[in-house]
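What follows is a set of notes on a single structure, which appears directly below.
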Amino acid sequence: MTTPRPIVRPSRALACALAAGTLLATAACSDGETGAPSGSRTASTVAERGVAAQTASPTSTSTGPELTERGARQALITSEDLEDNWTQVDNPREWRDSLLVGDVDVAAFLNGKSDASECQRLVDALYDETLLGTPSGASALNGFQDGESRLLYQVAAYDKADLDDSMQWLKSLPDTCDQFTLTGGDSGDRTVQVIGLKLPDTGDARQGLTVTVKGNSNGDPATLTLDVAAVRLGTDAITVTNGGLDGASHDSTSAAVGNGTERLKEVRAGRTPQPTPSGVS
C-alpha cells in the first residue's frame with residue numbers, strides 16, 4: 001500500500017501574517033490574482049495618516065458659535081471703553097450720506113473718484129459698514145463723537161474666505177495706495193495718503209491704517225485724518241474708523257480695538273461682557 005503524500009497547502013496565510021510586521025511587505029497579501037493588494041492599501045492609509053498628523057497646522061482660534069444679532073450688540077463698545085470725552089450718537093448709519101463736522105461736509109469731501117479700484121474701495125468704505133465687505137450674518141453698529149472727531153464701530157460675521165481676502169486687501173493698501181488723487185465732486189482734487197498703523201496685538205489677525213485726505217471745502221483748506229482698524233476673530237470681526245479735522249486719536253483707536261476684541265471674545269465664549277468701569281479703558 002502506497003503511503004499517501006502529505007497535502008502541501010500554500011503558506012499564503014503564514015506569509016501574510018509575517019508580512020504584516022513589515023510595512024513594505026504588506027503588498028504580498030493580495031485580494032486575488034488580479035485584484036489590488038489589500039495590505040498595500042492599508043499600509044498606504046496608515047502612512048498617509050501618519051504624515052498628516054505630523055504636518056497638519058493647528059488652528060489658532062476655533063470658528064466658535066454663530067454670532068447672533070443679540071451677541072453682536074453685546075459685543076459693541078460703549079463710551080466707557082474709549083479714551084477722552086466720547087459720547088454715543090443715535091444715527092451713525094447716516095454718516096456716509098451726511099456728516100457735517102464744523103463747516104466741512106465730510107460726506108461730500110470724501111465723494112470722489114480714484115483711477116485705482118483698490119483705492120476707490122477704501123474711500124467708498126470710510127464711515128460705511130462695508131470696510132470688510134458685506135457681512136454674511138449678524139451685524140451691529142454704533143458711533144461716537146468728541147468735538148470735531150467721529151468714531152464708527154462695527155461688529156459683524158463674515159464668510160471666512162471673503163474676510164481673509166478683505167484683511168489681505170487692507171494689508172496691501174500702504175503699498176498700493178500710499179498716495180493717490182480723488183477727483184470730481186464739489187471739493188475738486190484731493191490728495192489721499194495711506195500709511196500703516198500699529199494696533200494692539202490681539203485677535204487672530206489685525207490691520208491698521210491712517211488715511212489723510214487733503215483738499216478744499218467751501219473754498220478753504222481742509223485736512224481729514226482717519227484711523228482705520230480691523231481685527232478678525234474666527235469668522236467675526238470688529239472695524240473702527242476714527243478721526244476728523246483735528247487729526248485722529250491713536251489712543252482712542254487702540255482702546256476701541258483692545259476693549260472691543262475682549263468684548264467679542266466674551267460673546268464668542270457664550271458669556272455676556274461686563275460693563276467697563278467709568279474712567280477705565
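Here the OG1 atom belonging to Thr235 is positioned 8.0 Å from the CG atom belonging to Leu67, to the nearest 0.5 angstrom. The distance from the CG atom of Asp186 to the CG atom of Asn111 is 7.5 Å, given to the nearest 0.5 Å. The CG atom of Leu122 lies 9.5 Å from the OG atom of Ser114; values are rounded to the nearest 0.5 Å. Interatomic distance, CG of Leu209 versus SG of Cys177, reported as 9.5 Å (0.5 Å rounding). Rounding to the nearest 0.5 angstrom, the gap separating the OG1 atom in Thr210 from the CD atom in Gln193 is 11.0 Å. Gln88 CD to Glu80 CD: the interatomic distance, rounded to the nearest 0.5 Å, is 11.0 Å.
Taking the side chain as every heavy atom from C-beta outward, Thr181 and Arg190 never approach each other to under 4.5 Å. Counting heavy atoms from C-beta outward, Val89 and Trp95 have side chains that approach closer than 4.5 Å. In this structure the side chain of Arg206 never reaches within 4.5 angstrom of the side chain of Val257, judged on heavy atoms. Residues Ser249 and Asp84 have side chains in contact (heavy-atom distance under 4.5 Å, counting atoms from C-beta outward). Using a 4.5 Å heavy-atom cutoff, the side chains of Val240 and Val228 are not in contact. Side-chain contact between Met167 and Leu132 is present, with at least one heavy-atom pair separated by less than 4.5 Å. The shortest side-chain heavy-atom distance between Asp236 and Tyr158 does not fall under the 4.5 Å cut-off. With a 4.5 Å cut-off on side-chain heavy atoms, Thr261 and Leu264 do not count as touching.
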Stepwise side chain to side chain contact (heavy atoms under 4.5 Å, CB included) check, Thr241 with Leu151: CA-CA 6 Å; Thr241 302; Leu151 189 150; over 6 Å; no
Trace of the side chain to side chain contact (heavy atoms under 4.5 Å, CB included) decision for Leu100 with Val104: CA-CA 6 Å; Leu100 187 64; Val104 176; 5.9 Å; no
Side chain to side chain contact (heavy atoms under 4.5 Å, CB included) between Arg73 and Arg70, intermediate numbers included: CA-CA 5 Å; Arg73 290 193 299 271; Arg70 181 171 181 269; 3.9 Å; yes
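At a threshold of 4.5 Å between side-chain heavy atoms, the hydrophobic network of Ile, Leu, Val, Met, Phe, Trp and Tyr places Ile238 and Leu170 in two separate groups. Phe180 and Leu197 sit in two unconnected hydrophobic clusters of ILVMFWY residues. Membership requires side-chain heavy atoms under 4.5 Å apart, directly or through other members. One hydrophobic cluster, built from ILVMFWY side chains closer than 4.5 Å, holds both Leu182 and Leu131.
For the residue pair Trp86 and Arg150, the shortest heavy atom distance occurs at CZ3-C, 3.8 Å. In terms of heavy atoms, Ala255 sits closest to Leu82 at CB-CA, 4.3 Å. Contact detail for Val231 and Thr202: the closest heavy-atom pair is CG1-O, 3.8 Å. Nearest approach of Leu199 to Gly208, heavy atoms of both residues: CD1-N, 3.6 Å. Closest non-hydrogen pair, Asn242 versus Ser252, comes out as ND2-CB, 4.0 Å. Considering all non-hydrogen atoms of both residues, Pro174 and Gly196 come closest at CG-N, 3.9 Å.
In summary, Asp164 and Lys160 engage in a salt bridge, as defined by a charged side-chain N under 4.0 Å from a carboxylate O. With respect to the salt-bridge test (charged N to carboxylate O, under 4.0 angstrom), the residues Glu266 and Arg263 do not qualify.
Taking a 6.0 Å sphere around CG of Asp178, one finds it holds more than 12 heavy atoms contributed by other residues, nucleotides or ligands. The local environment of NZ in Lys171 is sparse, with at most 12 non-hydrogen atoms from other residues, nucleotides or ligands closer than 6.0 Å.
Between the side chain of Ser98 and the main chain of Glu94, no donor-acceptor pair closer than 3.5 Å is present. Between the side chain of Arg96 and the backbone N or O of Asp124 there is at least one donor-acceptor pair closer than 3.5 Å. In this structure a side-chain-to-backbone donor-acceptor pair under 3.5 Å is missing from Gln207 to Trp169.
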Please report, to 0.1 Å, the donor-acceptor pairs under 3.5 Å made by any side chain of residues 212-226, with sequence neighbours excluded.
| unit_1 | atom_1 | unit_2 | atom_2 | d |
| --- | --- | --- | --- | --- |
| Asn218 | ND2 | Asp103 | O | 2.9 |

Scan the side chains in residues 136-147 for donor-acceptor partners under 3.5 Å anywhere in the protein, sequence neighbours excluded, and list what turns up.
| unit_1 | atom_1 | unit_2 | atom_2 | d |
| --- | --- | --- | --- | --- |
| Ser136 | OG | Asp159 | N | 3.0 |
| Ser139 | OG | Gln154 | NE2 | 3.1 |
| Asn142 | ND2 | Ile77 | O | 2.8 |

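For the residue pair Asp128 / Thr130, a side-chain donor-acceptor distance below 3.5 Å is found, with atom types taken as modelled. Between the side chains of Ser166 and Arg121, a donor-acceptor pair is found at a separation under 3.5 Å. For the residue pair Gln168 / Asp165, no side-chain donor-acceptor distance below 3.5 Å is found, with atom types taken as modelled.
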